[in-house]
Amino acid sequence: MKKNSIAKLVGLLFVSILLLTACNKKTEPNNKPAHQHSTNQEYTCPMHPEVIQDKPGSCPICGMELVPRHTAGTETAIDSSLKHLLKPVNEQVVSNISVIKADQSTKIFSMHVQGIITYDTRDQTSISSRVSGRIERLLINYNYQPVKKGQLIMEIYSPDLAAAQRELLFIYQSDPNNPMLQKAKDRLSLLGMQQGQIQQVLKTGKISYRIPVYSNATGYILDNTAAANASTAAPAASPQSAPSDDGMGAMGSSSSAASNSSASTPTSSAIMLREGQYVGAGQSLFTIYTNKNLIAEFAFDPSVSSQIKKGQKLVFYEPSDKQTVYTGTIGLIQPVFKEGSNFTIARIYLQDNKFQTGKLVTAAIPIVSKGWWLPQSAVLNLGNKSIVFKKEQDVFVPREVKTKNNGDGMVLIDQDISNWNIASNAAYMIDSESFIKTASENKLKN
């Protein structure tokens, strides 16, 4: 019995050994590919892909360190904690630059704006043709040519004027006492003929086919096309603020109408009218500006127009002579929309004519501004918008902000950014302004 028990135990032990051996043989093929994958890792050179080795080392061509070669069917694991850093550089910037916070306060400083001396349009006069006809003689050669009152400007041939003179001669030769004679004279007078010319026609009996046109004022004459351009460009003092000597920067937002306005300086350009050209009755031909009274016009950004009042005193000077200071009173405030931009014109009526038209002047006006202020270095001006780099987690993200004024090296932000951590130097964060994309643009794209 004992022998049989021992035999059974030995048999069971032998069977167990066989089973364990079989299991090891089945699991060996599964482990073999993993072992083969680790032993078959290849390495290559990033600059010379043709260099492939089965172990780490250096490239025999350039000496660079070999890197593991990617094989099909394998993927590189990415740490999920770094995904927020793997965005294009035009959407965020990874940097350890110092950050600042906006300063909420009220600042008072002088705003310097450019203006221009121009003609007072209240003193301009117009010269029109009283008859329709053809210009036979033109004595004006260029715009802003000086003329005097009573000076001959041109002569016009008019068939209507000739017909009216024939009627006058017919009535006069038929009956000098005819009451219709006076009405015929009045008609010629309304057509532009002088009394002396009418008497000359009656005396000689000859028809005058040309009617002279005389200047009705003393000043500077220009044709109606140039006058229309001058009237629209007269309030062209740039709303851009001129930098001051005390280090204060220019006032006005970057998107103001400054770039759309230019100074209107009288130029002696050629007139558009020509001899032989036909004109109509009542057509305005010339405009005469007098230089007895001049005006100084200054253009302000709409953000500060509320602080400009009629009757307010302005101090201005010529850029070429900053020591001589002039004072004036604002007599007119005019909102202007020109070339897609808004700005406000402040006009000062000058009491003397010691200024020259077209001369640029600079005015200073105190401005009170309240809001959140940032150094100019922290705000990047892209022309049509302003950008700051806000720190979010470990990266800086470009954010568009609304700017109003700037002065004394600071920029006024027209929104609450008190809780923002902003990069102290925005220009340092970029390589090219054209690559910046704000969060709003990214949302539209997505």
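Looking at S105 and K370, their side chains never bring a donor and an acceptor atom within 3.5 Å of each other. A donor-acceptor contact under 3.5 angstrom links the side chains of R134 and Y278, judged on distance only.
Summarising the geometry of K402 relative to Q415, their closest heavy-atom pair is N-OE1, 3.0 Å, with the distance given to 0.1 Å. The two residues L138 and L273 come nearest to each other via the heavy atoms CD2-O, 3.6 Å. Shortest non-hydrogen contact noted between T218 and K149 is OG1-N, 3.0 Å. When every heavy atom of T44 is checked against every heavy atom of R69, the shortest pair comes out as CG2-CB, 4.0 Å. When every heavy atom of S132 is checked against every heavy atom of P159, the shortest pair comes out as O-CD, 4.2 Å. The two residues T357 and T118 make their nearest non-hydrogen contact at CG2-C, 4.4 Å.
M64 places a side-chain heavy atom less than 4.5 Å from the side chain of P46. Residues M193 and L161 are in side-chain contact: their nearest non-hydrogen atoms beyond the backbone lie under 4.5 Å apart. Proximity of V401 to W420: side-chain heavy atoms (C-beta onward) are separated by under 4.5 Å at one or more points. The side-chain heavy atoms of F298 and I365, taken from C-beta on, include no pair separated by under 4.5 Å. With contacts defined as side-chain heavy-atom distances shorter than 4.5 Å, the pair N293/Y349 does not qualify. Side-chain contact between E155 and L152 is present, with heavy atoms from C-beta onward closer than 4.5 Å.
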* To do: Verify side chain to side chain contact (heavy atoms under 4.5 Å, CB included) between E50 and I61, making sure each step is shown before the conclusion.
  => CA-CA 10 Å; E50 66 274 10; I61 299 177; 3.9 Å; yes

* Passes side chain to side chain contact (heavy atoms under 4.5 Å, CB included), R166 versus I207? Steps please. -> CA-CA 7 Å; R166 290 192 182 96; I207 297 176; 3.0 Å; yes

* Evaluate the criterion side chain to side chain contact (heavy atoms under 4.5 Å, CB included) for residue pair F286 and Q145; output intermediate values, then yes/no. => CA-CA 11 Å; F286 294 98; Q145 178 177 333; over 6 Å; no

* Asked: Could you go step by step and tell me if T125 and T287 meet the side chain to side chain contact (heavy atoms under 4.5 Å, CB included) rule?
  -> CA-CA 6 Å; T125 59; T287 300; over 6 Å; no

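With values rounded to the nearest 0.5 angstrom, Y214 atom OH is found 12.5 Å from M154 atom CE. From F170, atom CZ reaches atom CG of N178 across 9.5 Å, with rounding to the nearest 0.5 Å. Separating the CD atom in E400 from the OG atom in S386 is a distance of 8.0 Å, to the nearest 0.5 Å.
R274 is linked by a salt bridge (Lys or Arg N to Asp or Glu O under 4.0 Å) to nothing, counting only residues two or more places apart in sequence or in another chain. Taking the side-chain contact (heavy atoms from CB on, under 4.5 Å) definition, one finds that P68 meets it with Q41, Y43, sequence neighbours left out.
Ring geometry for Y119 versus Y220: interplanar angle of 30 to 60°, hence tilted.
In this structure, Q165 contributes its side chain and S208 its backbone to a donor-acceptor pair below 3.5 Å. Not one N or O on the side chain of N421 forms a donor-acceptor pair closer than 3.5 Å with the backbone of E392.
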